[in-house]
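All of these numbers come straight from a predicted model, not from anything done at the bench.
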Amino acid sequence: LLSGSRNISLWGEVPGQDGYPAYTVLAYVLLFSVVATHLKARAQLWRLIGAIVLMGTLVAGYAIFQHYTIDFLNLTEQTGGGAGEVTAMMGNSLFAGALMTMTIPLTLMATIYGIRTPVGTPGWSWESLARLMPALALAGLLSAALTIQLLGITFTFARGPWVGMIVATAGM
C-alpha cells in the first residue's frame, strides 16, 4: 500500500533487488498455514524435521563441493563477495548461510534427541547392543549431517549467519 511502484510490489521484483512480491509472501503464509493445521501426529513432525535436515545437508554439501571447486551443476556466482565464498545454489553466500542458520539448530536438536532416546535395560549383552544399534546409527547419521552443515556454513564466510546460528543454538 505504501510502495512507490505498486505494480512491482504486487506482481514481481526488480532484478538485483532483494524483495518479495506480495503474492509470494501470501503463498508463504498459505503454505505455512496448511502445514501447521495439518501437522497432527508425531510421525508427521519427524518426517518434516527429517526433510528440513536433509535439505540443509544437501545445500551444505553442495557448498563444500563448491569450496573445493567441484561445482558439478556450474552454479557458482560471484556476487561481489570474497573469492572463496560459496553460494550453494542460493545465488549469494549470505542466503546460503541463512538457510544453514535455520537448519543447524534443528539438526542439533534431532541429534541430541536421537542420542538421548532410551533403549532397553541397562547392562551389556548382545541383545541390548542389538536394540541399541538403530539409535546409534541414527545418532551417527545425524551427527554426520550436523558436521556437513557446520562445514558448509564455514565456507560461506558470512559473519551474520554465523552469529545467528550461535544465538539460535545457545537459545535452544
Side-chain angles (χ1 to χ4, degrees), residues 2-5 8-39 44-114 139 141-172:
L2 301 176
S3 173
S5 175
I8 291 174
S9 293
L10 185 61
W11 299 113
E13 60 183 295
V14 177
Q17 292 181 350
D18 298 324
Y20 292 105
Y23 72 93
T24 304
V25 173
L26 194 60
Y28 289 157
V29 170
L30 181 66
L31 182 63
F32 172 78
S33 301
V34 168
V35 170
T37 57
H38 288 81
L39 192 65
Q44 290 175 319
L45 175 64
W46 283 108
R47 284 193 298 271
L48 178 63
I49 290 171
I52 293 170
V53 168
L54 179 66
M55 179 261 314
T57 305
L58 290 174
V59 170
Y62 194 75
I64 293 168
F65 281 127
Q66 275 186 335
H67 177 75
Y68 290 109
T69 64
I70 306 170
D71 191 4
F72 54 88
L73 295 177
N74 198 22
L75 295 175
T76 300
E77 295 181 23
Q78 291 303 324
T79 57
E85 291 180 351
V86 298
T87 60
M89 16 177 154
M90 301 290 150
N92 189 325
S93 63
L94 289 174
F95 297 158
L99 182 127
M100 290 178 242
T101 297
M102 293 181 269
T103 61
I104 287 171
L106 198 62
T107 306
L108 179 61
M109 181 270 313
T111 305
I112 291 170
Y113 183 81
L141 191 65
L142 288 169
S143 296
L146 184 62
T147 303
I148 291 168
Q149 290 179 20
L150 286 170
L151 195 57
I153 199 171
T154 301
F155 290 148
T156 63
F157 299 117
R159 291 182 307 262
W162 261 102
V163 171
M165 187 265 310
I166 291 169
V167 169
T169 305
M172 189 186 77

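- Between the Thr169 side chain and the Ile166 main chain, no donor and acceptor come within less than 3.5 Å of each other.
- Side-chain contact check for Met165 versus Leu150: some heavy-atom pair is nearer than 4.5 Å.
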| Are Leu142 and Leu146 close enough, and set up right, to give a side-chain contact (heavy atoms from CB on, under 4.5 Å), and what steps lead you there? | CA-CA 6 Å; Leu142 288 169; Leu146 184 62; over 6 Å; no
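- With sequence neighbours excluded, no residue forms a side-chain hydrogen bond (donor to acceptor under 3.5 Å, both in side chains) with Thr154.
- When all heavy atoms of Ala96 and Ala88 are compared, the pair lying nearest together is CB-CB, 4.0 Å.
- Of all the heavy atoms in Met89 and Gln66, the pair that sits closest is N-NE2, 4.4 Å.
- Here the two rings, on Trp46 and Tyr113, have centers that are under 6.0 Å apart.
- Annotation for Leu39 and Leu48: closest pair CD2-CD2, 4.2 Å, computed over non-hydrogen atoms.
- Trp162 has its side chain within reach of Ile153: a pair of non-hydrogen atoms, C-beta onward, lies under 4.5 Å apart.
- For Thr101, the side-chain hydrogen bond (donor to acceptor under 3.5 Å, both in side chains) criterion is met by no residue, not counting sequence neighbours.
- The OG1 atom of Thr87 sits 7.5 Å away from atom OH of Tyr62, with the distance rounded to the nearest 0.5 Å.
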May I have the list of side-chain donor-acceptor pairs in residues 53-60 shorter than 3.5 Å, sequence neighbours left out?
| from | atom 1 | to | atom 2 | distance (Å) |
| --- | --- | --- | --- | --- |
| Thr57 | OG1 | Val53 | O | 2.7 |
| Thr57 | OG1 | Gln149 | NE2 | 3.0 |

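- Ring planes of Phe155 and His67: parallel class, angle under 30° (limits at 30 and 60°).
- Nearest heavy atoms, Ser93 versus Thr156: CB-O, 3.6 Å.
- Taken from OG1 in Thr111 to CD1 in Ile104, the straight-line distance is 11.0 Å, to the nearest 0.5 Å.
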| request: Could you walk me through whether Leu151 and Ile64 pass side-chain contact (heavy atoms from CB on, under 4.5 Å), step by step? | output: CA-CA 7 Å; Leu151 195 57; Ile64 293 168; 3.7 Å; yes
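- Contact record, Val86 with Ala63: CG1-O, 3.5 Å, taken as the closest heavy-atom pair.
- Within a 6.0 Å radius of CZ in Phe32, other residues, nucleotides and ligands contribute 12 heavy atoms or fewer.
- The two residues Ala158 and Leu94 come nearest to each other via the heavy atoms CB-CD2, 3.6 Å.
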